[in-house]
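So the structure is just underneath, and the comments pick up after that.
As the structure is a computational prediction, the values presented were derived from the model and not from experiment. Just so it is clear: chains get the letters A, B, ... in the order the sequence lines come, proteins before strands, and each one is counted from 1.
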Amino acid sequence: MQKIRISELGNFVGQEVTLQGWLFNKRSSGKIKFIILRDGSGYLQCVYFKGNLVPEVFDLADKIGQESSIEVTGKVKEEPRAPGGYELDATNLKIISEAHDYPITPKEHGIEFLLDNRHLWLRSSKQVAILKIRHRIVKAIRDFFDDRGFTLMDPPILTPNAVEGTSTLFETPYFDLGNAYLTQSGQLYAEAGAMALGKVYTFGPTFRAEKSKTRRHLTEFWMVEPEVAFNDLNDNMDLAEEFLEYIVQTVLKENANELKVLERDTTKLQNVKRPFPRVHYDEAVEILRKNGIDFKWGNDLGGSDETIVSEQYDRPVMVHHYPAEVKAFYMKRDPEDPKYALAVDVLAPEGYGEIIGGSQREDNLDFLLERIKEHNLPQSAFEWYLDLRRFGSVPHSGFGLGLERTVSWICGLDHLREAIPFPRMIYRNTP
RNA sequence: UCCGCGAUAGCUCAAUGGUGGAGCAUUCGGCUGUUAACCGAAGGGUUGCAGGUUCGAGUCCUGCUCGCGGAGCCA
């Protein structure tokens with residue numbers, strides 16, 4: 001038997017085919033029964049007329065509950081009323097495995113219940129659409145860098161020390177070497193890679209043990225981090241905006257159906273085209289004060305501050321030249337005015353906040369040594385990192401993009417937990 | 001960690017301090033074009049846990065547990 005998926009039905013109009021999948025929903029009206037088949041590639045209404053079938057097949061439809069696995073056979077028919085454009089004039093029905101009392105019914109459910117049943121919730125149409133868009137974004141990310149001469153380089157996940165010192169890390173015993181920590185960023189390793197390969201990117205899971213309890217935080221999330229030798233802050237911003245434009249436009253082109261399922265208003269995504277506005281930190285402060293915020297120069301932008309700044313524009317906005325005090329030790333200070341770091345955050349529109357954080361890195365050995373001292377970091381742990389400045393140091397820049405925040409923004413979700421198949425949050429690590 | 005809100009049927013929610021209900025799901029019956037189908041019927045409850053106030057507590061009070069939203073921190 002040839003295996004056919006619902007997404008391929010257009011090639012089989014008028015032919016008898018067999019499909020395998022799960023019972024999404026069913027309706028009956030006496031002598032006619034409608035079975036909605038779901039196979040991961042789409043949805044198909046299968047029509048069972050009593051007059052066309054042997055009684056055993058017609059009665060079989062009564063036995064099966066939602067999410068039973070089934071095999072249907074019938075003739076493919078074009079049907080303008082059907083969401084997918086096709087319908088099946090069914091001639092046979094086989095039960096592969098019966099399901100009864102499936103917990104997630106077609107009515108509303110609370111978030112706690114859905115998260116407890118995340119392994120089943122993934123079968124819902126919106127979750128399937130999100131998973132497909134997440135996949136497209138991952139593919140777009142890899143295509144973007146692969147097509148531009150970058151090499152993918154995987155950093156370690158178990159690391160001996162904190163990259164930025166400030167965040168809390170997950171700790172785990174590591175044989176005779178004391179404790180190891182789950183990585184919160186592959187960046188320092190990416191810098192080593194950039195000195196070897198010129199242009200690299202890392203892409204993998206990262207971990208933050210901070211007790212953040214908001215819609216913008218997970219304890220385990222995915223991050224992509226490009227790092228480029230000889231790029232300065234402006235090159236870095238050029239790369240970031242081209243990158244985001246590519247991701248968003250690719251999803252718009254390839255996932256129109258999924259965005260429709262999610263009822264995403266795409267007009268604001270259409271705007272995501274270069275150039276993005278570039279706003280100096282001082283300008284951002286001015287914008288906040290004009291909007292009645294009593295903002296103290298030198299502070300980092302909070303979530304609501306970010307929203308106010310991004311609302312001034314119709315596309316992502318890049319805020320650069322943050323006060324060095326609030327930024328990480330490895331960021332290069334502006335030679336013109338060292339109270340600023342050559343840092344950039346990209347804020348997504350519609351209140352989605354920071355999706356990219358990046359900077360030009362400190363490439364001067366002496367300055368970097370000073371920073372390590374100022375931040376009370378153990379120099380010995382960074383000797384390898386300092387070697388990158390001892391042996392052929394060059395200006396270089398990079399940034400990190402949070403995958404789930406990007407998925408959440410593009411899909412129009414109200415919480416990061418739906419942007420990853422099995423979210424890990426402060427009060428939940430199951431299923 | 002802090003602030004706020006909540007926990008009642010499998011699920012989503014009602015119930016003035018006075019006999020705990022509805023919709024969906026489930027089971028049974030009806031319907032030849034339904035699309036969160038519809039119509040009729042049935043079963044389904046230690047009201048999160050522990051104490052207290054009261055003639056009487058789902059409802060008021062105290063503590064605990066769990067969850068949700070937000071802040072800080074960050075992608």
Side-chain angles (χ1 to χ4, degrees), chain A residues 24-36 43-53 58 62-63 65-67 77 79 81-84 87 89 99-117 120-121 124-125 163-169 183-187 203-225 240 299-306 326-328 345-348 352-358 399-409 414-417 419-420 425-428:
Chain A
F24 187 68
N25 200 359
K26 63 175 180 182
R27 291 176 278 272
S28 107
S29 178
K31 298 193 172 59
I32 184 169
K33 283 172 184 164
F34 302 98
I35 283 181
I36 316 296
Y43 300 84
L44 176 66
Q45 175 158 279
C46 309
V47 186
Y48 288 81
F49 274 112
K50 190 170 192 176
N52 299 349
L53 298 162
F58 189 75
D62 291 330
K63 282 185 65 180
Q66 195 187 347
E67 288 301 321
K77 200 175 81 179
E79 172 56 69
R81 282 176 293 181
E87 206 172 63
D89 263 335
H100 294 288
D101 298 315
Y102 184 70
I104 303 180
T105 62
K107 289 275 179 178
E108 323 94 59
H109 300 280
I111 190 63
E112 181 183 4
F113 178 79
L114 289 171
L115 286 173
D116 284 343
N117 290 283
L120 302 175
W121 188 21
S124 307
S125 55
V163 172
E164 298 177 29
T166 53
S167 302
T168 320
L169 303 179
T183 182
Q184 61 172 345
S185 166
Q187 182 210 308
F203 197 177
T206 47
F207 307 87
R208 303 278 166 93
E210 286 156 358
K211 294 194 168 179
S212 300
K213 186 172 162 35
T214 83
R215 65 182 67 196
R216 298 187 310 280
H217 289 87
L218 298 169
T219 57
E220 177 182 321
F221 64 98
W222 282 63
M223 189 155 66
V224 56
E225 296 177 283
N299 284 355
D300 206 348
L301 270 54
S304 57
D305 303 326
E306 289 176 352
V326 299
K327 287 296 179 185
D345 284 356
V346 182
L347 311 179
Y352 282 93
E354 183 185 347
I355 51 171
I356 281 180
F399 59 82
L401 171 111
L403 178 63
E404 287 74 17
R405 286 189 180 177
T406 305
V407 172
S408 185
W409 163 46
D414 58 13
H415 200 299
L416 235 48
R417 63 193 159 208
I420 188 168
M425 294 171 290
I426 173 168
Y427 293 124
R428 172 181 293 276

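- In this structure, the CD1 atom of A:I104 is 11 Å from the P atom of B:U12, given to the nearest Å.
- Residues satisfying the side-chain hydrogen bond (donor to acceptor under 3.5 Å, both in side chains) criterion with A:T105, sequence neighbours excluded, are A:H109.
- Within the nucleic acid shown, A:K77 comes within 4.0 Å of at least one base atom, counting heavy atoms only.
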Where do N or O atoms of nucleotides 20-22 of chain B meet protein N or O atoms at under 3.5 Å, pair by pair?
none

Every protein N/O within reach of nucleotides 7-11 of chain B N/O, cut-off under 3.5 Å:
residue, atom, partner, partner atom, Å
B:C11, O2', A:E108, O, 3.3
B:C11, O2', A:H109, ND1, 2.5

How does RNA chain B look in dot-bracket form if you count Watson-Crick and G-U pairs under 3.5 Å, write [ ] for pairs that cross, and put | where a base pairs with another strand? (((((((..((((....[..)))).(((((.......))))).....(((((..]....))))))))))))....

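- Note on A:L416: a base of the nucleic acid sits closer than 4.0 angstrom, heavy atoms only.
- Note on A:R216: a base of the nucleic acid sits closer than 4.0 angstrom, heavy atoms only.
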Could you go through the side-chain contact (heavy atoms from CB on, under 4.5 Å) check for A:T219 and A:F207 one step at a time? CA-CA 6 Å; A:T219 57; A:F207 307 87; over 6 Å; no

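- Within 4.0 Å of A:D345, counting heavy atoms only, lies no atom of the nucleic acid at all.
- Whole-Å rounding puts the A:H415 NE2 to B:C68 C1' distance at 9 Å.
- Residue contacts for A:Q66: at a heavy-atom cut-off of 4.0 Å it reaches no nucleic acid atom on any strand shown.
- B:A25 atom P lies 16 Å from atom NE2 of A:H100, rounded to whole Å.
- Across B:A75, B:G72, B:A36, the shortest atom-to-atom separation from the side chain of A:E354 is found for B:A75.
- Partners of A:K327 under the salt bridge (Lys or Arg N to Asp or Glu O under 4.0 Å) rule, at least two apart in sequence or in another chain, are A:D345.
- Dashed line: the shortest gap from a side-chain N or O of A:R27 to OP1 or OP2 of B:C39 is not under 4.0 Å.
- Distance A:K213 NZ to B:G72 P: 15 Å, rounded to the nearest Å.
- A:D116 is linked by a side-chain hydrogen bond (donor to acceptor under 3.5 Å, both in side chains) to A:R428, counting only residues two or more places apart in sequence or in another chain.
- Residue-level contact check: A:E225 touches neither bases nor backbone, having no heavy atom under 4.0 Å from any strand.
- If you check B:C68, B:C74, B:G33 against the side chain of A:R417, the one that comes closest is B:C68.
- A heavy-atom distance below 4.5 Å is found between the side chains of A:E354 and A:E306.
- Residues passing the side-chain hydrogen bond (donor to acceptor under 3.5 Å, both in side chains) test with A:E67, sequence neighbours excluded: A:R38, A:R123.
- What separates CH2 of A:W222 from P of B:C74 is a distance of 24 Å, to the nearest Å.
- Listed by chain and number, the residues in a side chain to side chain contact (heavy atoms under 4.5 Å, CB included) with A:I111 are A:L115, A:W121, A:R417 (sequence neighbours excluded).
- At a threshold of 4.0 angstrom between heavy atoms, the contacts of A:K33 with the nucleic acid are absent.
- For A:S212 and B:C74, a side-chain-to-base donor-acceptor distance below 3.5 Å is absent, hydrogens and geometry of angles not being considered.
- Among residues two or more places apart in sequence or in another chain, the side chain to side chain contact (heavy atoms under 4.5 Å, CB included) test is passed with A:F49 by A:I32, A:V47, A:N52.
- Taking atom NZ of A:K50 as the reference point, atom C1' of B:U34 lies 17 Å away to the nearest angstrom.
- A:R216 meets the side chain to side chain contact (heavy atoms under 4.5 Å, CB included) test with A:T214, A:R405; sequence neighbours excluded.
- Rounded to an integer number of Å, the gap from A:I426 CD1 to B:C73 P is 16 Å.
- Atom CG of residue A:L44 and atom CZ of residue A:F24 lie 13.0 Å apart, to the nearest 0.5 angstrom.
- Contacts of A:L218 with the nucleic acid, taken as non-hydrogen atoms under 4.0 Å apart, include base atoms.
- Here A:Y427 does not count as stacked on B:G67, because the ring centres are not under 5.5 angstrom apart with planes under 30°.
- Between the CG atom of A:N25 and the P atom of B:U34 there is a distance of 15 Å, rounded to whole Å.
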A:N25 and A:Y43: side-chain contact (heavy atoms from CB on, under 4.5 Å), yes or no, with the steps? CA-CA 10 Å; A:N25 200 359; A:Y43 300 84; over 6 Å; no

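- By the side chain to side chain contact (heavy atoms under 4.5 Å, CB included) test, A:A82 is found to be paired with A:E79, residues two or more places apart in sequence or in another chain being considered.
- Across all strands, A:S28 comes closer than 4.0 Å to base atoms (heavy-atom distances).
- Residues satisfying the side-chain hydrogen bond (donor to acceptor under 3.5 Å, both in side chains) test with A:Q45, not counting sequence neighbours, are A:R27, A:E87.
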